[in-house]
Every structure is written in structure tokens, then in C-alpha cells.
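Everything below concerns the one structure shown next.
First the proteins, then the strands, lettered A, B, ... as listed; each starts at 1. Scope of the values below: all heavy atoms of this structure, side chains included, with no hydrogens, waters or symmetry mates.
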Amino acid sequence: MKLQILLFGITRDIVGQQKIELDYTGPSDIESFKEMLQHKYPEMNQLSHFKIAINQEFAQEGQSINEGDEIALIPPVSGG
Amino acid sequence: MKLQILLFGITRDIVGQQKIELDYTGPSDIESFKEMLQHKYPEMNQLSHFKIAINQEFAQEGQSINEGDEIALIPPVSGG
Amino acid sequence: MSHPHIHITDRPIDTDLVISLVALPSQGGLNVFIGNVRDQTKGKAVLRLEYEAYVPMALSEMNKIAQTTKEQWPQAEIAIYHRVGTLKIGEAAVVIAVSTPHRAQAFAACQFAIDTLKVSVPIWKKEVFEDGEVWVAAHP
Amino acid sequence: MSHPHIHITDRPIDTDLVISLVALPSQGGLNVFIGNVRDQTKGKAVLRLEYEAYVPMALSEMNKIAQTTKEQWPQAEIAIYHRVGTLKIGEAAVVIAVSTPHRAQAFAACQFAIDTLKVSVPIWKKEVFEDGEVWVAAHP
């Protein structure tokens, strides 16, 4: 499925773009999707952690990604 | 000894003056002094409590009053 | 020794001014407590409050609070302003601002300061109702 | 449902305005947390900070904080303003104001709000030093 992924903070620096388009062919669960990203962008492994947001909500364990979802990478937050 | 006593809040209302002069002839410890006031102004007994300040400090148990001290009655505080 | 940021005033308190006194570039966390005059007590409408202080002793006790705060939180900066006179509903009776390098200490130190002020500083308030007035906390 | 007093802005935050949003006549206690940009991190001089937000999700998470605060402290009124963009030393990145009828709840609710914001709201800051820049908390 075709996905648009929003990038923030250090993940934007790692990828070098604010937004990427991917044709994702792996399993739709969030864990597999994260592994794909870590493989494609090895620098992600050096972060304290990163989370995925689906449609502006933190993804839950095992949650599926569907075409058309708003996907965002959420590196460790540091607001305040 | 001659004492000037400052009155605040409800103790001023009870006594009806901001400041009184007394010729105090009882024992100089703070407890005896307080008893004299409670006897002279029985409405003081209806307060939650009241304290005595000597020279702008809360009097300690057993502390003595001396002529020339700045004495003040401190009814329950309610600042803030 | 008298603390520079401790005041008793009969004018409205300028919250921004109190905050600015402790807003230093080294201090990342700043906590402010504002005690406002409420419109009712136990369901009874309050018209206004009248505050009075035994000023020199109140300043001395407020100074002790600042000193103790500094002993417990050595990096804390504190400012305490207390109003006296007649206050309308919604006006601030007290403003305490505390800054620290990190936030948890600012909360703890500010709460310590107001909790201590409430029990140790010789200031009294009288609530004025439609049908009478009451010195707060005077009677059991 | 969107909370009326939650904002992300690229302009300096007006602390008095944020306070005024929760200063109601029924609320006697008002607690404010201000998070200011510090001049150094671990002894290294910071020149400025750059904040960015995933705005719609950040607003959604800030709304959840307001809702949870309201569930835990039903009488609390809360306002949360967060700044984004380039901030100078000493400028406020976040201002949270909480009012409650009595003061202890205002402290607890305000502390809950900032503690939760720090872990759940997708906002990031980059510290800019003389010799480089670092996304705060990104790396272990």
C-alpha cells in the first residue's frame, strides 16, 4: 500500500525530508512497519526510542496500518 | 510594669482599641500574662486560639515579658 | 537580613512584576501561586474582603519563609507579595513566585511557601457579607 | 471536543492572558507553571532553542490533558499555551494555569498537566550551541 509518512524532529534530520511516500508491502501491524523503517534508516536504532502515530494518535501494540492513514514518526518528545 | 499591647483582627474588635496600655503586676511569664488577658476579656476564650508576640516574634513557652517589649495579640491568622 | 522581593502593599499586585523578579536565565522552571478573593464561603455570597497585617512582624515572618525556602531548595529564587486593605472579588490577596533550575522543585518550594504563610504570617482577613462580617478562622 | 483555552503559538506567550482565562470568582487558588528557556544545559551555553510541533496531534494530546485534569479535579479550570519556533534565552516555552476553589488541588492539577505534557505531547526542541545543535532527549 502507498503511505505518506510525516517526519518530525530528529527523524526528519535522519531521513532528510519532512514527508516521504513509501510503497509498503510488508505486514500491516505497527511492529513490522517499525522494523522496516529501522532497516531502511539504521540511524533510527540510535534513538532512545521512537513511536508511530496513526491518524494523530499513538499507535497501540499490534495496531494495523491502512492505506490513507496519516502516519507520523514520533521521536522522543521534549516539549515544555 | 507598664506595657503597651497592640491588637489585631478580632482581638481589636473584642477590646475595642488598636492599642492599650496596661500596668501589669502579675508573673512575667507569657502563660500568666495570657491568663490575665483571658480574665480581663472573657470573649478571648471563644477564639480558636490566640498567641502573643514579643518584639515581633511568636513568644515561646515560658518566655518572660519585660518592660519596654513590643507586645501584640495574634488571633488565628488568615492571610493568603 | 531583609529579602529584596518581599512586600506588603495596599495596591493591586502586579503578577507580571512578581514573576519577573524570579525569572532568571538559569532557572528553567517557574511556579506561581495566586490567592484570589472568592465570591462565596460555604455557599454564602461574599461582598468584599478586608485584610490587615501586623506589618513589621508579617514582613519578618515572610522573610523567614524565604530563608527556609532557600535552605531547603538552595537554587530557588522567591518573591512574595501580600495585599492589605479592601479587596474586591477576584482580586489577588497573595502572589508567590518561585523559580528553580528544574520544575519539580519550583512546585514544591512554592507550595511550601504558601502553606507556611497561611499558618505563620500575622495577616487577618474579614469577610464582609450582605448581613454582617466575620474574621476568618477566628472561632472554632 | 476542543478545549477553548489550549493553544500552540509562534508568538511570545502572554502570561497574564493565560492566567485571566482561569481566574474565575469561584476559584480561590490559582497555580501557574512557566517553562522558560535556560541559558545552559549541563554547563554548556545555549544560544537559543528551536521548538517544533506536530500541531494537530499536539493539540489533541493537550486536549486530553485538559480532559483528564477535569476528570481528576472536576472543579479545575485549565489553560495550556505552548510556543513553537525560535525562542531566546528566558522566553517562555509553555505556560499552564490551573484554578480550583482551594489551593492544594491547583498545585496538584498543574503539576499533573506539565508532567503529562512533557511525556505525551508531540513537541520537540533543539538546543543550539556555539558549536552545534542537539535534539533534546533524542539519544540515550
Handout entry: Max heavy-atom pair count under 4.5 Å with chain C, selected residue of D/Pro101, D/Gly35, D/Ala97, D/Ser99
Key =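 Ranked by heavy-atom pairs under 4.5 Å with chain C, first place is D/Pro101.
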Practice task
Compare every heavy atom of C/Lys118 with every heavy atom of D/Arg103, then report the nearest pair and how far apart it is.
Solution key: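 Minimum heavy-atom contact is NH1-CE, 3.5 Å.
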Handout entry: Minimum heavy-atom distance C/Asn31-D/Phe107, with the two atoms named
Key =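 For C/Asn31 and D/Phe107, the tightest heavy-atom pair comes out as OD1-CE2, 3.4 Å.
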Problem - C/Ile19 side, atom CD1; D/Ile34 side, atom CD1 - distance, nearest 0.5 Å - result: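 Output value for this atom pair is 4.0 Å.
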Exercise for the section: May I ask you to decide if C/Pro25's main-chain N or O and D/Asn36's side chain share a donor-acceptor pair within less than 3.5 Å? Expected result: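 No, D/Asn36 side chain to C/Pro25 backbone: no donor-acceptor pair under 3.5 Å.
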Heavy-atom pair count under 4.5 Å with chain D, highest-scoring of [options]:
| options | value |
| --- | --- |
| C/Thr15, C/Leu24, C/Asp115, C/Val94 | C/Asp115 |
| C/Gly29, C/Ser26, C/Gly90 | C/Ser26 |
| C/Asp16, C/Val46, C/Leu30, C/Ile114 | C/Leu30 |

Practice task
Answer yes or no: are there more than 12 heavy-atom neighbours, outside C/Gln75 itself, under 6.0 Å from its atom CD?
Solution key: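 12 or below, so no.
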Exercise for the section: Evaluate whether atom NZ of C/Lys88 has more than 12 neighbouring non-hydrogen atoms of other residues, nucleotides or ligands under 6.0 angstrom away. Expected result: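 It does not: C/Lys88 NZ has 12 such atoms or fewer within range.
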Practice task
Report yes if the side chains of C/Gln111 and D/Gln111 come closer than 4.5 Å at any heavy-atom pair, otherwise no.
Solution key: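 Result no, sub-4.5 Å side-chain heavy-atom pair not found.
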Problem - Contact origin within C/Val37 toward chain D - heavy atom pairs under 4.5 Å - result: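 Only the backbone of C/Val37 comes within 4.5 Å of chain D.
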